[in-house]
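Step one of this worksheet: look at the structure below.
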Amino acid sequence: MKLILLGPPGAGKGTQSVVLSKTYKIPHISTGDILRESVKSGQALGLKAKSYMDKGELVPDEVVVGIVADRLKNDDTKKGYILDGFPRTVKQAEELDKALKTIRSSIDMVLYFETSAKTAIERLTGRRVCKACGFNYHVKNIPPKKAGICDKCGGELYQRPDDTEATVLNRLKVYEAQTAPLISYYAKSGILDKVSGDLGVNELNKVLSDLFAAKKIA
Ligand code: AP5
């Protein structure tokens with residue numbers, strides 16, 4: 001099962017990816033997570049990426065395309081994978097198509113999480129992330145049992161620097177200008193399915209499982 005999750009920031013792509021990855025035992029490949037990890041460990045890649053990420057701008061295509069091309073060479077991707085947050089520009093999608101063609105592979109389904117700006121802003125400004133294990137919470141929708149502490153590992157929760165309202169608004173603008181054109185790119189290739197990102201976590205997960213069953217891709 002080779003999936004791309006497409007949608008604006010805050011659509012719930014990361015949250016669904018975690019559940020799908022567990023259910024279908026395929027890796028969750030998030031370019032945002034990989035970039036944040038490089039920032040945390042002080043790698044040269046992270047230093048370059050940080051200035052773009054903090055402003056809510058996209059990291060240059062050649063950087064992220066290289067990251068994903070390397071990651072897809074890992075053996076754990078043989079059964080399938082979930083691409084979360086990649087591709088994000090038409091150039092990235094074209095590079096992915098080229099790379100997959102050379103290994104006679106292709107994407108099975110692109111899930112477009114159609115989401116209102118109101119939902120995205122409310123979710124992102126309320127998001128809290130565990131410093132230790134990376135699990136995502138939301139102060140109202142998915143609160144931890146104890147404020148500021150991760151239920152799973154007891155780690156401290158923090159707000160991502162790009163989740164402030166001003167940066168979220170810029171991320172949504174960047175999404176409309178540079179990523180939304182991928183909706184028609186994948187619709188033309190006949191592999192796009194639209195779902196509502198405004199649904200609750202469990203409701204949306206059920207919609208996805210039903211879709212996989214109907215399309216016989218699970
Ligand atoms: P990235 O980490 O990919 O951020 P994003 O796409 O902006 O995605 P988010 O994680 O903000 O949203 P999401 O849809 O995953 O929502 P989530 O499930 O977390 O990218 C960050 C930056 O890295 C970019 O700005 C860019 O600089 C760079 N970058 C990354 N990839 C790149 C690329 N390919 N090219 C260039 N640059 C790149 O949920 C959000 C919140 O809502 C959480 O609090 C969650 O608990 C809650 N929530 C989730 N689902 C629901 C639901 N159904 N109901 C209620 N609450 C929910």
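Ligands are counted one by one from 1 in listed order, and the atoms in each one are counted from 1 as well.
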Do the side chains of [X] and [Y] get close enough for a salt bridge, i.e. N-O under 4.0 angstrom?
X      : Y      : value
Lys98  : Glu94  : no
Asp163 : Arg127 : yes
Asp108 : Lys215 : no
Lys206 : Asp210 : yes
Lys173 : Glu176 : no

Worksheet item: Are the ring centres of Phe212 and Tyr24 closer than 6.0 Å?
Response: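 Yes.
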In ligand 1, which numbered atoms sit nearer than 4.0 Å to a non-hydrogen atom of [X]?
X      : result
Gln92  : 33 (C), 34 (N), 35 (N), 36 (C)
Leu124 : 11 (O)
Gly14  : 13 (P), 15 (O), 18 (O)
Arg160 : 1 (P), 2 (O), 4 (O), 10 (O), 11 (O), 21 (C)
Asn141 : 55 (C), 56 (N)
Arg171 : 4 (O), 5 (P), 7 (O), 9 (P), 11 (O)

Discussion item. If the contact criterion is a heavy-atom separation under 4.0 Å, does Gly7 count as touching ligand 1?
Written reply: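 In this structure, Gly7 fails to qualify as a contact of ligand 1 - no heavy atom is under 4.0 Å.
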Worksheet entry | Proximity flag Leu204 to ligand 1, non-hydrogen atoms under 4.0 Å |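 False for this residue.
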Worksheet item: Could you go step by step and tell me if Tyr81 and Lys2 meet the side chain to side chain contact (heavy atoms under 4.5 Å, CB included) rule?
Response: CA-CA 5 Å; Tyr81 46 82; Lys2 300 180 191 94; 3.6 Å; yes
Worksheet item: For ligand 1, does Leu35 get within less than 4.0 Å through its side chain, its backbone, both, or neither, judged by non-hydrogen atoms?
Response: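 Looking at Leu35 and ligand 1, just side chain atoms fall under 4.0 Å.
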Worksheet item: Under a 4.0 Å heavy-atom limit, does Ile142 contact ligand 1 with its side chain, its backbone, both, or neither?
Response: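 Only the side chain of Ile142 comes within reach of ligand 1.
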Identity of the nearest option to [atom], non-hydrogen atoms only, from [options]:
atom                    : options                       : value
atom 23 (O) of ligand 1 : Met53, His138, Gln16          : Met53
atom 10 (O) of ligand 1 : Arg128, Lys13, Arg127         : Arg127
atom 24 (C) of ligand 1 : Glu203, Arg88, Lys50          : Arg88
atom 43 (C) of ligand 1 : Phe113, Tyr175, Tyr137, Phe86 : Tyr137

Item to complete: Ignoring angles and geometry beyond distance, decide whether Gly10 reaches within less than 3.5 Å of ligand 1 through its nitrogen or oxygen atoms.
Response: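 Yes; at least one N/O pair falls below 3.5 Å.
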Worksheet item: Does the N or O separation between Leu58 and ligand 1 drop below 3.5 Å for any pair?
Response: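 For ligand 1, there is no N or O atom that lies under 3.5 Å from one belonging to Leu58.
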Report the nearest protein non-hydrogen atom to [atom]: residue, atom name, distance rounded to 0.1 Å.
atom                    : answer
atom 53 (N) of ligand 1 : Leu199 O, 2.8 Å
atom 18 (O) of ligand 1 : Thr15 OG1, 2.6 Å
atom 26 (C) of ligand 1 : Glu57 O, 3.5 Å
atom 31 (N) of ligand 1 : Thr31 OG1, 2.7 Å
atom 34 (N) of ligand 1 : Gly85 O, 2.9 Å

Worksheet item: Does the pair Asp97 and Tyr185 meet the rule for a side chain to side chain donor-acceptor pair (under 3.5 Å), with working shown?
Response: CA-CA 12 Å; Asp97 284 349; Tyr185 180 93; 2.5 Å; yes
Worksheet entry | Single-linkage hydrophobic cluster Val110~Ile26, side-chain heavy atoms < 4.5 angstrom |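 No; tracing contacts between hydrophobic side chains, which count when under 4.5 Å, never links both residues.
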Worksheet item: If you group Ile, Leu, Val, Met, Phe, Trp and Tyr by side-chain heavy-atom gaps below 4.5 Å, do Leu124 and Val129 land in one group?
Response: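 Different hydrophobic clusters.
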Fill in: Of Arg71, Lys79, Lys78, Lys73, the residue whose pairing with Asp75 passes salt bridge (Lys or Arg N to Asp or Glu O under 4.0 Å)
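Option passing the salt bridge (Lys or Arg N to Asp or Glu O under 4.0 Å) with Asp75: Lys78.
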Worksheet item: Closest heavy-atom contact between Leu199 and Arg123?
Response: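 Between these two residues, the closest heavy atoms are O-NH2, 3.4 Å.
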